[in-house]
Amino acid sequence: MDDYRLLADEIAAAVAAGRLRPGERLPTQRAFARRRGIAASTAGRVYAELVRRGLVVGEVGRGTFVRADAGLPGAGLPLSEPSRARVDLELNYPVVPEQSALLAAALTPMLRPDALDLALRPSRAEGTPAARAAFAALLFENNSRVVDSGWMPEPEALRFAGSGRQALSAVLAALVPPGQRLGVEELTYPVVKATAQRLGIVLVPIALDADGLDPDALAAAHRSAPLRAVYLQPRVHNPLGITMPPKRRERLVEVLRRLDLPAVEDAVWAFLRPDVPPLAALAPERIVLVDSLSKRVAPGLSTGCAVVPRAFREAVTASLRAGGWLPGGFALEAAVRWIGDGTVARIGAAKRADATQRQRLAREQLPDAVLRGDPGSYYCWWELPAGWHAETFVAAAARAGIGLTPAAAYAVGPRIPRAAVRLGLASPPLPVLAETLATLAQLARSTPEEQAD
């Protein structure tokens, strides 16, 4: 193997291991050649090979940066593990001050030997009758403000997993065989990308507009080659914060029925919009709704659930068992108690107020920014000022101790917004968030050239 490829392999390994982070700038080719004791032409071939592999992106006059979505197993880690940055706007787990005290009160009865013995027994995908009833009630209560939504999940439709990601993996594995096509929004939850790669599922990007996924684009993609299912986030879309309006929802369901397509509705952030019913309310016979307690309650309580139509129930149950994605008994029992005594509802209400406050703060601290996001969301999409690209801005923010997520982390297919980042607003304390956003505003008013000096 040529020496330049060995050097490219070394850098690729550093990216995969997380030693080189998304958005991080590589040395200039001249500096790289000097450090390695190689010819400048060889350094050029190393960098060209890294570009060919999709690991880096070069910007004339600015440098070469590690891409956010390098197609490697570790590419999704910035969105699932804490950033090494001093202030993390990548990881997005909301925690309100009062939640620990609220959660502690319900645990005391579980510490009795008889209750603990029951909670520590092996769990099933079907959970317990109490768990099915509690989660069905939770999902109904989350939409109780909706007049005549007509949707109350049937308790027998509930299936459980150790986390929302596990529930999602099990549902996708059940609906889409390896090598088959899954429609997804062209900007989507990055874990879906990693999950599809692991399961051998081919992702097909479906165009988005201001109202969410375009039903006509979905139909066109299905005509070009049949899809087995579609994954989407109709409420508080991550990363754009879009919530589908009623007419778009009705049109989408009409297309799903005409194409005889099942859909997977990700509702993990939907607790922030209890005024909007799930898409599953319009087509309960073909939409699998996936939810989790990790955002709604606490990151350490990651119990996931799926509301599964009868036609897919057996396959999803078998998938959960085969994948080893069954729920933890103690976590499931704790969740039942927290739902039953109203703790989950109180924490949810506190988080909705907190998210609204953080969105207002973002718009106050970034008054000149082009921000997209639901007013009650914990994240927003920032279309950067002219002159900035996502990778260069992420790198400049990292030098200021701030972790951001570039647009490429969410993109499926060739249409990658090169000048946008997602701001996760949930993790820092409010005073730290205000200071951080002010720093980003100042950074955006500068130029990449000034930051490179």
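Residue numbers count from 1 along this sequence.
Of the N and O atoms on the side chains of Arg273 and Ser377, not one donor lies less than 3.5 Å from an acceptor on the other residue. For the residue pair Tyr231 / Asp266, a side-chain donor-acceptor distance below 3.5 Å is found, with atom types taken as modelled. Side chains of Arg25 and Thr64: a donor-acceptor N/O pair is absent below 3.5 angstrom, by distance only. In this structure, a donor-acceptor pair under 3.5 Å is absent between the side chains of Arg352 and Tyr378.
With salt bridges taken as basic N to acidic carboxylate O contacts below 4.0 Å, none links Arg360 and Glu364. Residues Asp291 and Arg296 are paired through a salt bridge, judged by an N-O separation under 4.0 Å between the basic side chain and the carboxylate. A salt bridge links Arg358 with Asp354: the closest approach of a Lys/Arg side-chain nitrogen to an acidic carboxylate oxygen falls below 4.0 angstrom. Under a 4.0 Å N-O distance rule, the pair Glu98/Arg346 does not qualify as a salt bridge. Using a cutoff of 4.0 Å between basic side-chain nitrogens and carboxylate oxygens, Glu265 and Arg286 are not scored as salt-bridged. Between Lys247 and Glu250 there is no salt bridge, since no side-chain nitrogen of the basic residue lies less than 4.0 Å from a carboxylate oxygen of the acidic one.
Summarising the geometry of Gly328 relative to Ser123, their closest heavy-atom pair is C-OG, 3.8 Å, with the distance given to 0.1 Å. Pairing each heavy atom of Ala408 with each of Glu391, the nearest pair is CB-OE2, 4.1 Å. Annotation for Trp388 and Ala444: closest pair NE1-O, 3.5 Å, computed over non-hydrogen atoms. Smallest separation of non-hydrogen atoms from Gln359 and Cys380: NE2-CB, 4.0 Å. For Val204 against Ala221, the heavy-atom pair with the smallest separation is CG1-CB, 4.1 Å. For the pair Leu366 and Ala441, the tightest heavy-atom approach, listed with the atom from each and the gap, is CD2-CB, 3.5 Å.
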From CA spacing to verdict: side chain to side chain contact (heavy atoms under 4.5 Å, CB included), Val184, Leu232: CA-CA 6 Å; Val184 296; Leu232 70 164; over 6 Å; no

Side chain to side chain contact (heavy atoms under 4.5 Å, CB included) between Leu26 and Phe65, worked out: CA-CA 6 Å; Leu26 300 185; Phe65 299 85; over 6 Å; no

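A donor-acceptor pair under 3.5 Å links the side-chain atoms of Thr243 to the main chain of Val236, judged by distance alone. Listed for the Gln166 side chain is a donor-acceptor partner under 3.5 Å among the backbone atoms of Gly162.
Between Leu203 and Lys193, some side-chain heavy-atom pair lies under the 4.5 Å cut-off. Taking the side chain as every heavy atom from C-beta outward, Leu89 and Pro428 approach each other to under 4.5 Å.
For Arg422 and Tyr379, the positive end sits near the middle of the six-membered ring, less than 6.0 Å away and at most 45° from its axis.
Legend: residues meeting salt bridge (Lys or Arg N to Asp or Glu O under 4.0 Å) with Asp214, ordered by chain and number and at least two apart, are absent.
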